[in-house]
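The structure appears below as structure tokens.
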Amino acid sequence: MNQDLNAAKALPTLLLVDDSPAIHRLLAVKLKNEGIDFVAAYSGEEAISVANDIKPALVLLDVNMPEMDGFQVLHALKADPETHDIPIIMLSGDDEPEAKVRCFELGAMDYVTKPFQVAELRARISNAIRISKLVELLEKQASIDALTGLGNRAFFDRRLEEEVNKASRTSDSLTLVMCDLDHFKKLNDGFGHPAGDAVLETYAQILKDQLRTYDIPCRYGGEEFAIILPNTDSPASSMICDRIRVALEAAEWPKYPGMKATSSFGVTNISHDGSHDSAAWITAADQALYSAKSNGRNCIHVFENADNIVPAFKLAG
Amino acid sequence: MQPQGQTTPIFSSLKGDPDMDDLVTIFVHEMSETVTTMQSSYEQRDWEQLRNVAHQLKGASGGYGFEEMGQAASTLEKLLKSGDDDLDAIALELSALTDLCLRASA
């Protein structure tokens, strides 16, 4: 199991933090056949800087060190988003429950007392690496829409908030696009749900092909998609949207003769009320999308502040 | 300080483990320096340094197959941790520990 998970990548790197050189020598020898790359740190300060540099797969952290102790290092690593997800096993000569509980509360994955049984430590190391890989996988899967492979709604909400905050901080431009497949219900009814799925998948592929690596396409729900375009102003975003629009319109559906798919776009570079609230961005883009639908579909509408705020409305589909 | 009476060598319980023999040799070789550090800490009443060395020994010695040394280091560490600075009590535990350190053999 471990081997399978590790096989694809280079050897996982383990950062050992302990002020005792005897412990470093012992573990380097005892774990030499475990398929692990060893990196050594002899103090808390060194550990934090090395962890930031190399992002190890696991940290073995001695609790009792002079100057900065293991609790402080653990706290610092967990507080930094860069190192927050690295699993940490505490090593300690103390068997006191208070110390153990404190480590777990600070975010340690495991706690091993010295002198340790090497076989037990090996098992705990591979267990910690396995769990952290599974957590990573789970987090990734929980962010992905299963049909299209794009980010899902939860992922979009999180990323939009991040990007809106970032743009308001840096004054960089930001664009949000809401796009919707035209007459999707008719298409499903007329050609069957597999045809509808094929359109959704093809559209997702068009988004991936047409967008830049730093753009963020997501499935917002049903036949609605949302695209976050960081550092992008209005003319550039309209051009990108038009490429997507043309690509879907030109798509051929040999399995579904006579089928045609198009999409409409609502684009905004500002929130509808000028706030830094991500919900206000969605409202503005939705409004623009509504205008695009009203203008006959298969087109792009850019939100302007002069647009009337449409009260509770439902998209015509 | 009590004189070092015992000279019977103590061997690592891991002796014969091909992975360990070289490591044990280095560990044993370092013992004289470790003992010197502990003795000078005692003479300077530097309890923090003495406690750190005892703590390191406690953590490492078991892994090198010197379990008895680990227990003696643990006893000394606990005594120093308790804040008891009774010189005789510390001297007694320290000499028990240094005796084991000096008898450690590869």
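Model, not experiment: these values are computed from the prediction. Reminder, nothing fancy here: chain letters follow the sequence lines and each chain counts from 1.
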Original post:
For A:Asp18, is it the side chain, the backbone, both, or neither that has a heavy atom closer than 4.5 Å to a heavy atom of chain B?
Top reply: neither
Original post:
Does the pair A:Lys30 and B:Asp17 meet the rule for a salt bridge (charged side-chain N to carboxylate O under 4.0 Å, His left out), with working shown?
Top reply: CA-CA 11 Å; A:Lys30 284 296 182 184; B:Asp17 177 343; 3.2 Å; yes
Subject >> Sequence-distant partners of A:Lys32, side chain to side chain contact (heavy atoms under 4.5 Å, CB included), two or more places apart >> reply: B:Asp19
Original post:
Any chance NZ of A:Lys208 has more than 12 other-residue heavy atoms, nucleotides or ligands included, within less than 6.0 Å?
Top reply: yes
Original post:
Side chains of A:Leu26 and B:Met20: closer than 4.5 Å at any heavy-atom pair?
Top reply: yes
Original post:
B:Lys81 versus chain A, heavy atoms under 4.5 Å apart: side chain, backbone, both or neither?
Top reply: side chain
Original post:
To the nearest 0.5 Å, what is the distance between NZ (A:Lys114) and OG (B:Ser61)?
Top reply: 10.5 Å
Original post:
Take atom CD in A:Glu46; do more than 12 heavy atoms of anything else shown fall under 6.0 Å from it?
Top reply: yes
Original post:
How about residues 64-72 of chain A versus chain B: which residues have heavy atoms under 4.5 Å apart?
Top reply: A:Asn64, A:Pro66
**OP:** Report, as yes or no, whether the 6.0 Å neighbourhood of atom CD on A:Glu120 holds more than 12 heavy atoms from other residues, nucleotides or ligands.
**Re:** yes
Original post:
Does B:Glu68 CD have over 12 foreign heavy atoms under 6.0 Å away?
Top reply: no
Subject >> Among B:Glu48, B:Lys58, B:Glu67, residue most engaged with chain A (heavy-atom pairs, under 4.5 Å) >> reply: B:Lys58
